[in-house]
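Let me begin by presenting the structure, written as structure tokens, before commenting on it.
Chain A is the first sequence line, chain B the second, and so forth, proteins listed ahead of strands; every chain is numbered from 1. Note that the coordinates shown come from a computational prediction; the quantities given were computed from them, not determined experimentally. Just so you know, these numbers use all the heavy atoms, side chains as well, and skip hydrogens, waters and symmetry mates.
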Amino acid sequence: MSENAYLQRLFQRYYSEKREDIPKVNSFEKREFGFIPWNKQIMIRHLAFRELGDLREKLALEGPRHVYSSGTLYEEPDHLDMNQKGYNGCDLIIDIDVDHFFTPCKEHHDTWSCKECGLTGKGMPDKKCKKCGNNKFKNVAWVCDKCLEIAKQSIVRLAHDFLLPDFGIQESELNIAFSGHRGYHIKIENEKMRSLSSDGRREIADYLSGNNISYEILGFKSKSNNIYGLRRENIGWSQKIMDKIEDLLKGPSSDIEHLLEKLNFSKNKIESFKNSKDVFLHIITSKNTQNIWAIEGYSHNGWITFLNGIAKEIGIEIDEPVTIDIHRLIRYPGTLHGKTGFKVQELTLKELDFFTPLDEPKKNLDPIVFYGKNVNLKLKIIDNVIPTIKIKGETFGPYKEGDIIEVPNHVAVMLLSKEVATLL
Amino acid sequence: MQVLAVQIELINHYPWLPSTKVIYSDILSEKPREFIKRLFLDYPLDEIYERVIRIFGAAFENKEEILNYKIDELNVYLYLLLKILLSIFNDNAIANRIANLYSKINYNELSIESDFVIYEICRDLELDILYYENPITYRIIIAKNQREEIKTKFTIHFTDYLNLAASMRDDFRKLVNNSLKNGEVFIQKRDLVRLLQEYVRKKVLSRQKLDKNSLEKSRQKLFKIDEFKQLHDRILLDWEKMRDDHEPLEFQWGEDFELTEIAPPCLKHVLHKASESQNLIHNERLFLVFLLHALKIPIEKIVKIFSTLPDFDRDKTLYQVNFALNKKYTPHKCDTLKSLNLCMAEKYKDELCLKGYYSIAKDEERKVNHPLTYMYVKQYRLSKTKIQDEMNKGKNE
Ligand code: SF4
Ligand SMILES: [Zn+2]
Ligand SMILES: [Zn+2]
């Protein structure tokens, strides 16, 4: 039996045994559904379901590889013509995926190979192949507890530093889910936000990421050889930035050094900043101040670089196009991710705090649904290098092409889903 | 009976308010033809003509206000008539000019209203606004011995804010540069009024998209009313006359090609917007000035392009153009344009922008990284095909 057929059968069985675990999202009948099947790399779109039972039935019958539904509400979600669907607004979706940002451990567990010349490497590929200049790569991205922790922290900051305090969104309006692979998404269900255009959503994306800030508009300016900085009294990004700077100045000097190094400031400038640390702290915190930012070596541009660096620390690295697009499909909660066999796990903000997707003790939150400690499968590795993976507290790998291995069910499902192993 | 949120007077003053529908429900339920017939029966023809033509005339001349703007019941009818005319003309350039002027008139009127009226208007528009009796401080600016507290009595929910402000694409109005807390954006009264202006502009522009046939049908129906047909023709005549007075936006780059032939999507887009009298944001203006200047297009011509913009002021523009050019900036690179959201490569699905080109000199595939590069390549390609054409012609003869 082919691997895909095997996995499809597993998925079918899962969906027929766990019917009740597939939840009904709000405005269920108004959403468009999309499936990616096992036999072809295409998205079958423009589907809709009247009843939850119909969806559950279809899942059990077909056991699709990936299952999505729209953030958008339509009059006729199954109309084939996008313009005839009858757009009824769209939930705001925020996607945070390890694929889109740098994490140090990627250098150890992600690999790529050039589709043209076969050159391989670790971490994230360059824009173009160093050898042949082509820009098409095959990526093998691995699930990793460290990466997932970084993504999770981003979601936590997103909620607690932005969505709740600034946007006044209620916790109950947040639909958070672990994607089943390398990230999380939040779907915000808020009547008023549904009316936002793409332009409006872009503005929100900028606000969350801190892109396109104008420090001048926030109050930073140079005038007759003096530089007047931002103030924490100014509600909004100015306040966020100043809070961060205050934290930085109150913390150990090594933090400052670390940040300034990252921003490519020279040794002299870093020293000069460290020496002025206390004076600067006084200037930005005291009420009775002329607010002149004067540290030797820091010109207007130097400060802007510094502020950009601070803003980058505060901003959330979201996948912008997802937020801006008003016709996106996102993974349906409770369904299985076809590249891992893990479940798309819904979480409340509180549950998220202690959530550890690759080793979750709470049964009802555990995305690893094919967990089978004592069910071993024999596989043959067919990909160059497979890094060490830590799942359920156990470490597997590294493996290399040709290895014959025997691993528990959930690891086997993952390796097969990733198409780096075959059944023996 | 409905409780009238906004008094009749306010409706006469601002006929685009939703409450118009309640107070004038009788005329709004009429078919356009019935409505127009009745209008011409109920009001003196001269006055209708005069007032409508004055608005169109001022719009065609890019004026910012009109004299003797009257606030009476007829004002409501004229607003409706204006909208019918716009849908019959079905011309973006006309619609934009009217929307720009009309919204500006309303901005001027709104600017002198009391807090209370502004609040009432926002309520009528169902904008989620909060009003504070005692102004709240949300910003403070300290520069040397100056200390300025910035206060306001208004906040607006961010969704309503974005629905109006986002399309204005103005750095000062970007959410990230504003104060946001608990879902509320702190906003100065004049900025709120500016948002209302944007609302009016959009409202005037909003019209049903009719296909050619239905448009022609309703046209014919309305043209059966003589008075309407005459008014329509008169305005159209004014429009065409005005167009003849301004030469079209054609100018040459080099000698053989029209600018539009070789312009990259980003430039095309801005030129197109300008030609339709849509507003250009600050960055679009700068981009246009620097790029056109780099193409050695004379300042006079650059100013001419700006002359169609809704807020054109010749002296101011001349000054700004000269000022910008004296600073000797170089035109924006693609990267810059991308970060400013002005790159239109994706939108126009432009092959050259998206895929790059093959550089013979360097013997490699290269990406377009500057609009000037784009034009250079495009011109090269076009000249090659022209030479090819010439050669083919030669052969045939
Ligand atoms: S790629 Fe460059 S030239 Fe092309 S549209 Fe974008 S900014 Fe303009
Ligand atoms: Zn290669
Ligand atoms: Zn990792």
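Side-chain atoms of B:Tyr357 and B:Thr373 include no donor-acceptor pair closer than 3.5 Å. In the model, A:His300 has no side-chain atom that pairs as donor or acceptor with a side-chain atom of A:Tyr215 under 3.5 Å.
For the pair B:Lys153 and B:Tyr119, the cation-pi test (distance below 6.0 Å, angle within 45°) is failed.
Highest contact tally toward chain A, considering only B:Leu164, B:Leu162, B:Asn177, is held by B:Asn177 [criterion: heavy-atom pairs under 4.5 Å]. In terms of heavy-atom pairs under 4.5 Å with chain B, the best-connected choice from A:Ile169, A:Leu218, A:Asp199 is A:Leu218. The residue among B:Val185, B:Thr159, B:Asp171 with the most heavy atom pairs within less than 4.5 Å of chain A is B:Thr159. Between chain B and the options A:Met193, A:Arg231, A:Arg201, A:Glu203, heavy-atom pairs under 4.5 Å are most frequent for A:Glu203.
Contact of A:Asp206 with chain B is made through backbone and side chain together, with heavy-atom distances under 4.5 Å. In this structure, the portion of B:Asn178 lying under 4.5 Å from any heavy atom of chain A is its backbone and not its side chain. Contacts between A:Lys128 and chain B at a heavy-atom distance below 4.5 Å involve the side chain alone, from C-beta outward. Only the side chain of B:Gln146 comes within less than 4.5 Å of a heavy atom of chain A; its backbone N, CA, C and O stay farther away. Proximity to chain B is absent for every atom of A:Asn190, based on heavy atoms less than 4.5 angstrom apart. At a 4.5 Å heavy-atom cutoff, the contact between A:Tyr228 and chain B is made by side-chain atoms alone.
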Discussion item. Side chain to side chain contact (heavy atoms under 4.5 Å, CB included), that's the test. Do B:Leu127 and B:Tyr161 meet it? Break it down for me.
Written reply: CA-CA 9 Å; B:Leu127 296 178; B:Tyr161 179 80; over 6 Å; no
Discussion item. Go through it in stages, so that I can follow the logic: the residues are B:Asp170 and B:Lys174, the test is salt bridge (charged side-chain N to carboxylate O under 4.0 Å, His left out), and I'd like the CA-CA distance, side-chain angles, deciding distance and then a yes or no.
Written reply: CA-CA 6 Å; B:Asp170 166 344; B:Lys174 277 190 76 65; over 6 Å; no
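The backbone N or O of A:His79 lies less than 3.5 Å from a partner atom in the side chain of A:Lys85, making a donor-acceptor pair.
A:Asn212 approaches B:Ser339 most closely through the heavy-atom pair OD1-O, 3.2 Å.
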